[in-house]
Amino acid sequence: MLEKKNIQHSQINWKLDNQSKLDLEQSKDCLYFFEQESNEQHQQSLIDIVYFLYDNIINDLIKNKNKNQINTRDIFKTNIFNNDNKNSLKEYIKIEKYLILWCSLDNIKENAYCFYRFNNNNNNNNNNNNNNLEYLILIVGPTQIQSSKSSEEIAKSFSSAISYPSVQYQLHQARNKKEVIESFITFLNNIENDNENQFEIKLITINNNYKEKNNESLKPLESVSNGLDHEDLDDDDDDDDDDDDDDNNNININVKNNNNNKLFLNNFKYLIKDIKFRYDFEIYKSDWVDGLKDWKSFQKTLSTTVFLFFAILLPSIAFGVLNYSNTEGLLGVSKTIVAQGIGGMIFALLSGQPMVILLSTAPLAIFIKITYSISIENGLDFYSLYSMIGLFNGFFLIIYSISGASRLMKYSSRFIEETFAIFITIAFLYDGIKPIVILFIDNLYSCDNNCQLTNQTPLFTLLISLCTLWICFKLSNFNQTKYFNAIFRNLISDYALFLGVLISSAIRWTVFLPLEDDHFSHGLNDLLNSEIKLLPVWAYFLALALGFLLSLLYFVDQNISCSLATSPSHNLKKWSGVHLDLLIVAFINIVLSFLGLPWIHGALPHSSLHVRALATIESFTDISKGGETKEIFISVQETRASGFFSHLLIFICIFLVSNILIYIPIPVLYGVFFFLGVKATVGNQFWYRILLLITDNTFLPNSNMIRYCRKLEIHKFTTFQIICLLIFCFISFYPNPYLTIFFPLFLTILIPIKNYLLPKYFKKIIINILD
């Protein structure tokens with residue numbers, strides 16, 4: 001009989017899995033117990049016993065009984081047994097002498113746990129199919145219920161508990177319903193009282209070790225030494241012919257020099273280590289050779305270069321248009337392209353982690369707008385103030401690099417990263433929506449009594465923007481469709497942004513011809529136009545404060561970008577020089593500041609996409625998690641070539657702005673902002689938990705987060721994070737620039753909020769699960 005599909009039970013973390021504990025606790029209310037009598041039923045087949053349980057228990061739970069009651073009985077049977085053999089089970093779990101079955105029915109509203117105990121004396125004397133079984137456990141539940149509370153999941157919870165010998169012993173001794181229930185309640189109590197505090201410490205220790213392991217995985221080779229563990233700080237022995245006084249003086253001088261040398265090396269050791277491992281001739285040579293050594297490597301480098309070219313160029317144009325609007329033409333598209341090309345090539349040549357991609361981002365656009373507003377309000381030259389802020393920002397970044405301040409990012413976590421990621425989403429949407437709203441106000445509402453709604457520009461602008469969003473989003477998910485072959489689907493998905501902009505631009509210039517021309521400005525003027533000597537003395541202190549706040553933004557964003565790009569799941573082998581990256585970014589932005597070009601730093605989505613484009617990825621189905629498809633990064637072609645050549649192509653585009661790129665309509669660029677914002681929510685657990693606030697309980701997924709945490713705890717954690725996000729957005733988008741300048745400071749304040757405030761309101765276990 002038991003030759004069919006035996007579902008292997010999975011071990012449950014009973015300390016964390018609240019749903020499984022609730023499944024067992026529910027036995028107080030819905031458990032039914034039967035024991036096989038000595039002279040009856042011992043010769044019945046398994047289907048007869050299941051029908052017996054149905055008639056005595058399940059039938060009473062069925063709602064809206066009618067003439068079709070017999071059909072429910074048949075459905076009940078077909079859900080458990082195969083049609084071809086009434087004693088052949090479809091799915092079951094068998095542990096020792098316990099057989100667990102389950103079934104879901106439409107017309108019942110509550111669960112039923114049916115425990116049927118066999119009479120072992122009878123079974124020993126006959127050859128029926130129920131030999132060696134001590135218990136038959138039948139779990140019946142409603143169909144319309146969330147997956148984590150389904151009858152199958154409840155069956156798995158019981159199977160995991162029964163796998164413990166102590167539970168089996170108590171069930172063996174049980175002779176009535178009360179004793180069966182006590183077996184599981186005692187099991188749960190033992191778990192709760194089994195050194196809970198020690199368990200929490202153990203869990204946190206594991207997580208800390210995991211972080212250390214992540215850092216170790218960034219080393220190029222296990223045999224590589226950092227060269228700083230054994231510092232030769234001993235000088236030669238003093239001359240034996242010197243007198244004792246001279247010896248003592250020399251010893252004191254040597255000790256003092258040794259201490260100074262040690263202090264110097266300790267201050268610079270993190271940067272020195274990055275330089276040693278990234279600028280070693282063989283390693284640096286491999287950074288280029290690995291991307292060009294054979295045809296397969298060259299092909300992957302070429303495809304990644306083309307992908308990065310379009311993925312970086314289009315956002316650069318969009319941010320150029322935004323900066324042009326925010327600075328009244330002082331920073332525009334051409335300057336953004338030049339900054340991206342020059343900065344990107346220098347970073348690819350000298351960086352400590354060439355997988356990271358630099359880009360002008362939404363937070364930088366906000367800070368540039370703040371700088372312009374403050375300069376106008378105080379009668380200061382924008383370029384001069386901009387240059388000084390960039391100079392002081394670079395100065396602080398150099399200090400962070402030398403002192404190894406990036407080590408502090410170990411206190412950062414998903415809470416901070418995902419809050420910032422959702423803020424980026426809101427910033428993208430804000431930058432796309434704001435100019436469209438202004439168009440509606442200026443053309444449709446700010447008019448006299450004789451105004452006629454004849455101007456169709458605002459409506460068509462909104463339509464083209466949403467059309468761009470829809471096309472890009474659909475094409476980005478094209479790899480999940482069934483059309484064409486896998487290679488073509490992945491190609492369409494990788495170049496979704498480029499194709500979406502191309503199609504939307506074609507629609508604009510063919511369907512919406514009556515619209516006025518909406519070309520963006522592309523001048524390249526006022527380079528090297530800063531005159532910092534003309535600034536008053538107080539402006540230098542203002543620039544110092546703004547430069548410090550800007551450096552906090554750079555510090556967090558650059559480190560988060562590097563952290564996501566060098567995730568352990570990406571399986572990178574070479575050293576990740578985060579301290580060296582900060583140094584290179586500092587010098588790049590100092591130069592850009594004095595040239596009057598937009599600032600750039602590590603970009604959140606593009607760095608991870610760069611790694612993915614150079615990776616060899618294998619997909620597999622995880623049967624233990626319900627057939628969930630997972631990906632494994634087999635290897636990554638870690639090369640500087642793709643980043644360098646893609647930015648070289650972007651720099652060349654400065655010669656194409658006036659005759660090709662200018663035909664990208666501005667409404668299409670608004671659609672690019674919409675797409676980048678929406679796409680940033682994919683895979684973001686914070687956004688996922690926000691949706692859980694309005695999700696029907698019936699459709700809650702069967703994830704570890706749902707099983708390990710009560711729904712109320714998840715909602716409380718999400719609400720706390722939403723409050724932090726709203727404060728962040730209020731500071732960032734408030735019209736007063738003197739308040740907005742503090743948004744980088746609040747971003748860094750999130751770190752102590754997470755580490756010191758969250759533990760006061762949430763258990764450490766909950767924080768480790770959700771964070």
In Å, rounded to the nearest 0.5 Å, how long is the span from [atom1] of [X] to [atom2] of [Y]?
X    : Y    : atom1 : atom2 : answer
L101 : S151 : CG    : OG    : 11.0 Å
K764 : L758 : NZ    : CG    : 13.0 Å
Q173 : E179 : CD    : CD    : 9.0 Å
Q353 : S607 : CD    : OG    : 9.0 Å
E25  : S20  : CD    : OG    : 11.0 Å
S163 : I95  : OG    : CD1   : 5.5 Å

Taking the side chain from [X] and the backbone from [Y], do they hold a donor-acceptor pair closer than 3.5 Å?
X    : Y    : value
K177 : L31  : yes
S160 : K156 : no
S27  : D23  : no
E35  : Y116 : no
R117 : H172 : yes
Q480 : N477 : no
K21  : L188 : no
Q168 : I162 : yes
N571 : I634 : yes
T186 : E182 : yes

Worksheet item: For I487, does the CD1 atom sit with more than 12 other heavy atoms under 6.0 Å from it, leaving out its own atoms?
Response: no
Practice prompt. Assess whether side-chain contact (heavy atoms from CB on, under 4.5 Å) is satisfied between Y54 and C114, documenting all intermediate values.
Written response: CA-CA 9 Å; Y54 177 88; C114 307; over 6 Å; no
Considering only heavy atoms from C-beta outward, does the side chain of [X] approach that of [Y] to under 4.5 Å?
X    : Y    : value
F686 : I722 : yes
K716 : F762 : yes
I108 : E110 : no
L138 : Y113 : no
C724 : L750 : yes
V578 : N559 : yes
V611 : L572 : yes
L136 : F118 : yes

Discussion item. Can you confirm if the NZ or CZ of K679 lies within 45° of the ring axis of F473 and under 6.0 Å from the centre of its six-membered ring?
Written reply: yes
Worksheet entry | With T143 via side chain to side chain donor-acceptor pair (under 3.5 Å) - residues at least two apart | D106
Worksheet item: When you look at T681 and I422, which way does the side-chain contact (heavy atoms from CB on, under 4.5 Å) test go after all the steps?
Response: CA-CA 7 Å; T681 62; I422 295 297; 4.3 Å; yes
Worksheet item: Can you name the one residue among Y98, F158, F184 that meets side-chain contact (heavy atoms from CB on, under 4.5 Å) with V167?
Response: F184
Please report the closest heavy-atom contact between [X] and [Y], naming both atoms and the distance.
X    : Y    : result
A112 : Y32  : CB-CE1, 4.0 Å
S563 : E417 : OG-OE2, 4.0 Å
F633 : A615 : CD2-CB, 3.3 Å
C562 : S576 : SG-OG, 3.4 Å
P759 : N755 : CG-O, 3.4 Å
L171 : E134 : O-OE2, 4.5 Å

Discussion item. Test ring pair (Phe, Tyr, Trp, His ring centres under 6.0 Å) on F33 and F115; report intermediate values, then the result.
Written reply: CA-CA 5 Å; F33 178 80; F115 277 67; 7.8 Å; no
Item to complete: For the pair F488 and F478, name the ring-plane relationship: parallel under 30°, tilted 30 to 60°, perpendicular over 60°.
Response: perpendicular
Worksheet item: What orientation do F34 and F52 show, parallel under 30°, tilted 30 to 60°, or perpendicular over 60°?
Response: perpendicular
Worksheet item: Given R689 and Q721, is the side-chain hydrogen bond (donor to acceptor under 3.5 Å, both in side chains) satisfied, shown in steps?
Response: CA-CA 10 Å; R689 285 188 279 107; Q721 198 168 359; 2.7 Å; yes
Practice prompt. Test I690 against W687 for side-chain contact (heavy atoms from CB on, under 4.5 Å), laying out the working first.
Written response: CA-CA 5 Å; I690 291 175; W687 176 250; 4.2 Å; yes
Worksheet item: Are F717 and Y761 near enough that their ring centres are under 6.0 Å apart?
Response: no
Item to complete: Dump the intermediate steps for side-chain contact (heavy atoms from CB on, under 4.5 Å) on F484 and I492, then the final yes or no.
Response: CA-CA 11 Å; F484 306 105; I492 295 295; over 6 Å; no
